2 protein chains.
Amino acid sequence: MEDLVTPRQVAKAIDVSESSVKRWCDRGIIPSVKTAGGHRRIPISSVMTYLRSTSQPLVSPEVLGLPAAVGRTAWVLTRARDEVVKSLLAGDEIKTRQILFDLWLGGRSIAVIGDEVIAPAFEKIGEGWSCSEVDIYQERRAVEIMLRILFELRLGTPPGDPGRIAIGGTTSGDNYSLPTTLVEVVLQAAGWTARSMGSSVPPQSFAAAIEHTQPRLFWLSVSASQSPEEFLEGLALIEQACQKTGTKLVIGGAGSLPMRERFSSGVQVCSNMGELSDLATRLAAESSPPAEL
Amino acid sequence: MEDLVTPRQVAKAIDVSESSVKRWCDRGIIPSVKTAGGHRRIPISSVMTYLRSTSQPLVSPEVLGLPAAVGRTAWVLTRARDEVVKSLLAGDEIKTRQILFDLWLGGRSIAVIGDEVIAPAFEKIGEGWSCSEVDIYQERRAVEIMLRILFELRLGTPPGDPGRIAIGGTTSGDNYSLPTTLVEVVLQAAGWTARSMGSSVPPQSFAAAIEHTQPRLFWLSVSASQSPEEFLEGLALIEQACQKTGTKLVIGGAGSLPMRERFSSGVQVCSNMGELSDLATRLAAESSPPAEL
DNA sequence: CCCAAAATGATCGATTTGACCGATTTTGAC
DNA sequence: GTCAAAATCGGTCAAATCGATCATTTTGGG
């Protein structure tokens, strides 16, 4: 796990000449730093960003210390989803990572990957589970694998503005940690410093977290359909805290849709990661006017 | 807090060789002082100045955070634990990562870090929670932060032998994902290909996973004390599957200790990560005779 | 199709870096 | 205080990188 690599390593990894890499560094196309002696050192995240922007294939990821089998194929979203379901059920972390990283390096946003691949894949796995084609351990293992991959993607995304803080999670009774983790990564990609507080947090504790952290954004991921009354009661507490601190409150997830009419007007509802990403980008632009160079 | 660090620490922190740091010190690029015996000591401010001058990112700022931690005394671990508790409660992911990576780079095994720092830290947080000094969101947030750090440590550990597979997790009713994830990382560090299946998996599903995956090792992490009868009943199913596939069964965690007399003789019990690491290393050596070069 | 501009890849001497080693200093434990 | 282990020292040397130059390939118009 190296963070800084040399031009030669990058050249080998993406199969171009060393000269080109050096030129790109000097022109700022690949942001890099120099040692005291003038040698270039390139952060892996710079390489990732460059690859994403040009849709270049990563030929030899192992040279960068990245897990093997990252980057090669151009995937169609629907096809990718089916393959992800297959490799997740087989417990094949390598294959799953390959597919998702290929999509990501191919320039797709995490939000799109979430909406078009990850969410439908787990929906499918959930279906298979309910008609007992899928064993519980397969579903749990799939969640674990996806969590690891999401964290790796998060490492490849530049950290957000430390002044734009977002927190969130799921309330009591909701144990699905995957969606709220996905939200965290999506928000970081949108320039936020986001941290999920995990799942099954009581509303009053969320309220305390909001008042203590004073985030600009708070998200609630509602996966399972739960008792609307109980949820709305807890939501009131959270809303109150948000108003006190001037925090924008965002709710999403399948479980929230049946109740969306009963939310008060200040609450923003997102039905997928794409909407959330747009909203987050808009909020970020509002709060801090476009910085000039 | 000491603000003088050694060339080695600086080298690790900014990801260059020790030789380079020494050269730069001698050339005055990084102002340093010398001890009576001629060893270089570098003020952290010098390093900061150098980094600013090259606009270089601090690759492992953790190393500069706690210079004392490369020492060997027990109080360092104790001190680290207290610091970890503090930064976890504050939700400071950076600081927590600093401390743990510092210990790790200082040569301590993940097992030791787990036993001496992570486990006692969460025990302490749990105490604070039960006497309501700690809010629930702080505990949940701490778990999330530690999970991310564990995954990063896992990325930094070389992948294990693909032929030595270990799986495991927690049974129904046990929602603590942290210990089983820690086990995964410890086993990988011991040369295994380990995958946690997550928490709250029914015993019969574990049995299916064992028969399907045929691992050489299966672990059960028992955090909460649960009904012994129910647990032992589920355990019987798992044990049966292990016997069928020749899988070694290992149980650990505070919740398992009160019942350890009632386990059958084939079951191995580990009371901490150190024991588990030793056992895993022993098993690995047994099953595959020492490969010669 | 042809040509010029731009991008890429290859090469070379000078410099930097990283690894190594025996000697010395520092550190932690007793 | 004493002692052994660990860390650091200073120096050497091979390998990697630098910057600059030049040949080759690709791109984009007319």
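Note that the structure is a prediction, hence the values are computed from the model and not measured. All values below come from the heavy atoms of this structure, side chains included, with hydrogens, waters and symmetry mates left out. Every chain is numbered from 1, with letters handed out A, B, ... down the list of sequences.
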Exercise for the section: Report yes if a side-chain nitrogen or oxygen of B:W24 is closer than 4.0 Å to either non-bridging phosphate oxygen (OP1 or OP2) of C:dT16; otherwise report no. Expected result: no
Exercise for the section: Assign A:S20 to base, sugar-phosphate, or nothing according to its heavy-atom contacts below 4.0 angstrom with the strands shown. Expected result: sugar-phosphate
Completion exercise
Checking D:dT17, C:dG9, C:dC20 against the side chain of B:S19 (C-beta onward), the nearest is C:dC20
Exercise for the section: Look at the side-chain N and O atoms of A:T6 and state whether any lies under 4.0 Å from the OP1 or OP2 oxygen of D:dT17. Expected result: yes
Problem - Polar side-chain atom of A:S87 near backbone of A:V84 as donor-acceptor pair, under 3.5 Å - result: yes
Problem - B:S20 and B:S17 side chains, donor-acceptor separation under 3.5 Å - result: yes
Problem - Salt bridge B:E116-B:R81, side-chain N to carboxylate O under 4.0 Å - result: no
Problem - For atom CD of A:Q9 and atom C1' of C:dG18, their distance in whole Å - result: 13 Å
Practice task
Among the candidates D:dG19, C:dT17, C:dT27, find the nucleotide nearest to the side-chain atoms of B:R41.
Solution key: C:dT27
Exercise for the section: Would you kindly give the CD-to-C1' distance between A:E18 and D:dA20, to the nearest whole Å? Expected result: 14 Å
Practice task
Would you please confirm or rule out a distance under 4.0 Å between OP1 or OP2 of D:dA7 and any side-chain N or O of B:K12?
Solution key: no
Exercise for the section: Verify the contact: side-chain N or O of B:K22 to OP1 or OP2 of D:dA7, cut-off strictly under 4.0 Å; return yes or no. Expected result: no
Practice task
Answer yes when A:R148 and B:E184 have at least one side-chain N-carboxylate O distance shorter than 4.0 Å, and no when they do not.
Solution key: yes
Problem - Presence of A:R40 side-chain N/O under 4.0 Å of D:dT17 phosphate oxygens OP1/OP2 - result: no
Handout entry: Whole-Å gap separating P (D:dG10) and CG (B:D26)
Key = 6 Å
Handout entry: Residues A:R195, B:E144: salt bridge by 4.0 Å N-O rule
Key = no
Practice task
In whole angstrom, give the distance that lies between atom CZ of A:R8 and atom C1' of C:dG9.
Solution key: 14 Å
Problem - Check: C:dA19 base within 3.5 Å donor-acceptor of B:S17 side chain - result: no
Problem - Nearest-Å distance for atom pair CD1/C1', residues B:I14 and C:dG18 - result: 14 Å
Handout entry: Nearest-Å distance for atom pair NE2/P, residues A:H39 and C:dT16
Key = 7 Å
Practice task
Spell out yes or no: do the side chain of B:R23 and the base of C:dG18 have one donor N/O and one acceptor N/O closer than 3.5 Å?
Solution key: yes
